[in-house]
Amino acid sequence: QWRDQALHLLSIFIEKKQSEFFIEEFRVWALEHGIDEPASYRVWGGLTTSASKRGVITCVRKDAAKSIARTGHDLCVWRRA
């Protein structure tokens with residue numbers, strides 16, 4: 001299942017990253033490491049909700065998006081929980 005694979009990759013990513021990140025950084029990394037792009041872009045947001053509820057990551061603050069597509073929106077900056 002996509003979510004299980006994504007959560008597994010997220011656990012690897014945060015071990016290697018050891019710093020704060022936007023989910024977009026993880027998305028790019030995960031795609032480079034073999035996960036398929038989900039049918040809807042919103043699934044990435046659902047992944048952060050799931051990972052946060054499981055105690056994998058935590059939102060440390062909101063910050064301006066770096067992506068051109070998200071300019072003007074504040075997004076969570078995540079870190080390992």
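Basis for what follows: all heavy atoms, side chains included, without hydrogens, waters or symmetry-related copies.
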Are Val28 and Ile23 connected into the same hydrophobic cluster when the rule is that any two of I, L, V, M, F, W, Y join if their side-chain heavy atoms are below 4.5 Å apart? no
Tightest non-hydrogen contact, residues Ala81 and Gly55, listed as CB-O, 3.1 Å
Please round to the nearest 0.5 Å and tell me the distance separating atom OG1 of Thr49 and atom CZ of Arg54. 12.0 Å
Test: salt bridge (Lys or Arg N to Asp or Glu O under 4.0 Å). Region: residues 3-15. Which pairs qualify, not counting sequence neighbours? Glu15-Arg80
Ring pair (Phe, Tyr, Trp, His ring centres under 6.0 Å) with His33: which residues, sequence neighbours excluded? Trp29
Contacts of Glu32 meeting side-chain hydrogen bond (donor to acceptor under 3.5 Å, both in side chains) (sequence neighbours excluded), chain-then-number -> none
Does Cys76 reach the side chain of Phe22, with side-chain heavy atoms less than 4.5 Å apart? no
Which value, rounded to the nearest 0.5 Å, describes the distance between Trp2 atom CH2 and Asp36 atom CG? 10.0 Å
To the nearest 0.5 Å, atom CG of Leu75 lies from atom CG of Asp63 at 8.5 Å
Leu7 vs Leu47 side-chain heavy atoms within contact, under 4.5 Å: yes
Lys17: partners by side-chain hydrogen bond (donor to acceptor under 3.5 Å, both in side chains), with sequence neighbours left out: Glu25
Sequence neighbours left out, what passes side-chain hydrogen bond (donor to acceptor under 3.5 Å, both in side chains) with Arg79? Give chain and number order. none
Just to verify, what does Trp44 make a side-chain hydrogen bond (donor to acceptor under 3.5 Å, both in side chains) with, not counting sequence neighbours? Glu37
In sequence, state the C-alpha distance, the side-chain angles, and the governing distance for Ile14 and Trp78, and then conclude on side chain to side chain contact (heavy atoms under 4.5 Å, CB included). CA-CA 10 Å; Ile14 60 178; Trp78 299 95; over 6 Å; no
Show your reasoning for whether side chain to side chain contact (heavy atoms under 4.5 Å, CB included) applies to Val60 and Glu20. CA-CA 8 Å; Val60 292; Glu20 298 173 349; 3.5 Å; yes
Are Leu10 and Ile57 side-chain neighbours, meaning at least one heavy-atom pair lies under 4.5 Å? yes
4.5 Å side-chain heavy-atom contact, Val77 and Phe21: no
